[in-house]
Amino acid sequence: MPYAESTVPAAGSGPAGTRPAGTPTAEAVPQRVATPRRLLMCPPRHFDVNYSINPWMEPEKPTDQGSAQLQWERLYDLYRELGHTVELIRPEPGLPDMVFAANGATVVDGKVLGARFRHAQRTAEGPGYLDWFREQGYTDLLWPEHINEGEGDYLLVGRRLLAGTGFRTDQRSHAEAQEFFGVPVTGLTLVDPRFYHLDTALAVLSDDEVMYYPEAFSPGSRAVLRELYPDAVLATAEDAEVFGLNAFSDGRHVLLSSAATHLIGELKGRGFEPIGIDLPELMKAGGGAKCCTLELRDS
Ligand code: ARG
């Protein structure tokens, strides 16, 4: 569907949304409005699984770079068809996980917090991504003191930054991020190694809505999530296992694994427009659609 058609203003917000008197209301299902985003992606030119730093990665299994490229291009095309702007960073040889742009940095209000990776195999990606931001003219950049894996573990919901820890991002990074961005940072502890980054266990749907898999979090973090988002969409184990939470939402369209059938039904019921997107080749590295996407929140 062309982007313009999906940006109908919410009912009551202007002439186009005004309902004629007597028309039945659909109060329970909100009208969802997409907002165009600027995204950064990295083509999987050097994609491979030749080391293992999460339970999904099995280096002895063959990968196919050509398939990875085609699957990734479908995601890239879809973003553009939906009206988003996609910037590209040049993939570097020897960095097979660089395709997972979400991990490259965290950008809020045009400020860029660099990524400092936990594993040596990915260390060089941090400065590589930060150089891209410098070249693009970003001036408010921070090379971090503590380990953090960018938007893999930092997810902005409205003006609150949810921050994962437990496997990758160091908890001390949360205070560093709060100080740098000046937005409240809420730490959440991940406990299941299959869901090692926050963006594998929780997805942001709108400025105040999320969906998540409760079992991926410690009991305390689960309680925090219930408190903050009592109406959240809860994922089943099956949804989480097919990486259904590694999803991207523009406020209306939600791009996620087509196998996450329970989530897809829940999203439709809430007025979202789920779009199935599958990246089986990249999944061999433990990554999905959201992992391939870094949001450039320039203002
Ligand atoms: N193989 C990569 C790793 O383990 C996958 C990263 C996925 N990225 C993400 N944002 N969850 O680091």
Side-chain angles (χ1 to χ4, degrees), residues 39-61 63 65 68 71-72 75 89 91-92 94-107 113-126 128-129 147-156 161-170 173 188 190 192-204 210-213 216-217 235 239-249 255-257 260 277-296:
L39 309 170
L40 176 62
M41 294 180 74
C42 178
R45 196 169 307 145
H46 307 291
F47 176 71
D48 197 0
V49 177
N50 52 25
Y51 53 78
S52 179
I53 56 173
N54 70 52
W56 306 90
M57 301 176 85
E58 299 178 74
E60 56 287 355
K61 278 199 184 158
T63 52
Q65 196 277 326
Q71 291 159 14
W72 177 93
L75 177 64
I89 180 171
E92 296 295 338
L95 297 175
D97 273 336
M98 197 175 165
V99 58
F100 300 117
N103 300 128
T106 305
V107 189
L113 176 67
R116 198 164 173 147
F117 285 82
R118 167 122 355 235
H119 299 99
Q121 294 95 329
R122 299 196 68 184
T123 306
E125 292 181 45
Y129 271 92
I147 287 173
N148 83 80
E149 299 203 349
E151 285 206 358
D153 275 322
Y154 282 121
L155 295 174
L156 193 71
L161 201 52
L162 297 182
T165 189
F167 295 102
R168 301 291 180 86
T169 295
D170 189 312
S173 166
L188 297 168
L190 296 162
D192 183 332
R194 294 172 303 165
F195 309 115
Y196 54 93
H197 276 143
L198 183 61
D199 71 358
T200 66
L202 183 146
V204 181
V210 301
M211 57 181 180
Y212 65 95
Y213 177 50
F217 295 90
D239 291 325
E241 281 158 11
V242 296
F243 251 49
L245 292 160
N246 197 247
F248 171 88
S249 169
L255 281 57
L256 79 170
S257 157
I277 174 95
D278 297 306
L279 299 147
E281 215 44 46
L282 298 178
M283 192 58 227
K284 294 179 184 167
K290 172 64 184 71
C291 297
C292 296
T293 315
L294 177 61
E295 192 163 337
L296 303 170

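Each ligand, and each atom within it, is numbered from 1 in the order the structure gives.
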M98 vs H46 side-chain heavy atoms within contact, under 4.5 Å |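 No, too far: nothing below the 4.5 Å cut-off.
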Smallest separation among heavy atoms of Q71 and L282, with atom names =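 So the two residues come closest at OE1-N, 4.1 Å.
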Would you call E149-R118 a salt bridge at under 4.0 Å N-O?
->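 No.
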D97 and Y51: side-chain donor and acceptor closer than 3.5 Å?
->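 Distance-only check passes for D97 and Y51.
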Identify the protein atoms, limited to N or O, that lie within less than 3.5 Å of an N or O atom of ligand 1, and list each pair with its distance to 0.1 Å.
unit_1, atom_1, unit_2, atom_2, d
ligand 1, 1 (N), D97, OD1, 3.1
ligand 1, 1 (N), D97, OD2, 2.9
ligand 1, 1 (N), A285, O, 2.8
ligand 1, 4 (O), N54, ND2, 2.7
ligand 1, 4 (O), R168, NH2, 2.9
ligand 1, 8 (N), N103, OD1, 2.9
ligand 1, 10 (N), N103, ND2, 3.2
ligand 1, 10 (N), D199, OD1, 3.4
ligand 1, 10 (N), D199, OD2, 2.7
ligand 1, 11 (N), H197, ND1, 2.8
ligand 1, 11 (N), D199, OD1, 2.8
ligand 1, 12 (O), R122, NH1, 2.6
ligand 1, 12 (O), R168, NH1, 2.9

Do the ring centers of W56 and F243 come within less than 6.0 Å of each other?
->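 So the answer is yes for these two rings.
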Stepwise, does the side-chain hydrogen bond (donor to acceptor under 3.5 Å, both in side chains) test hold for T169 with Y154?
-> CA-CA 9 Å; T169 295; Y154 282 121; 6.0 Å; no
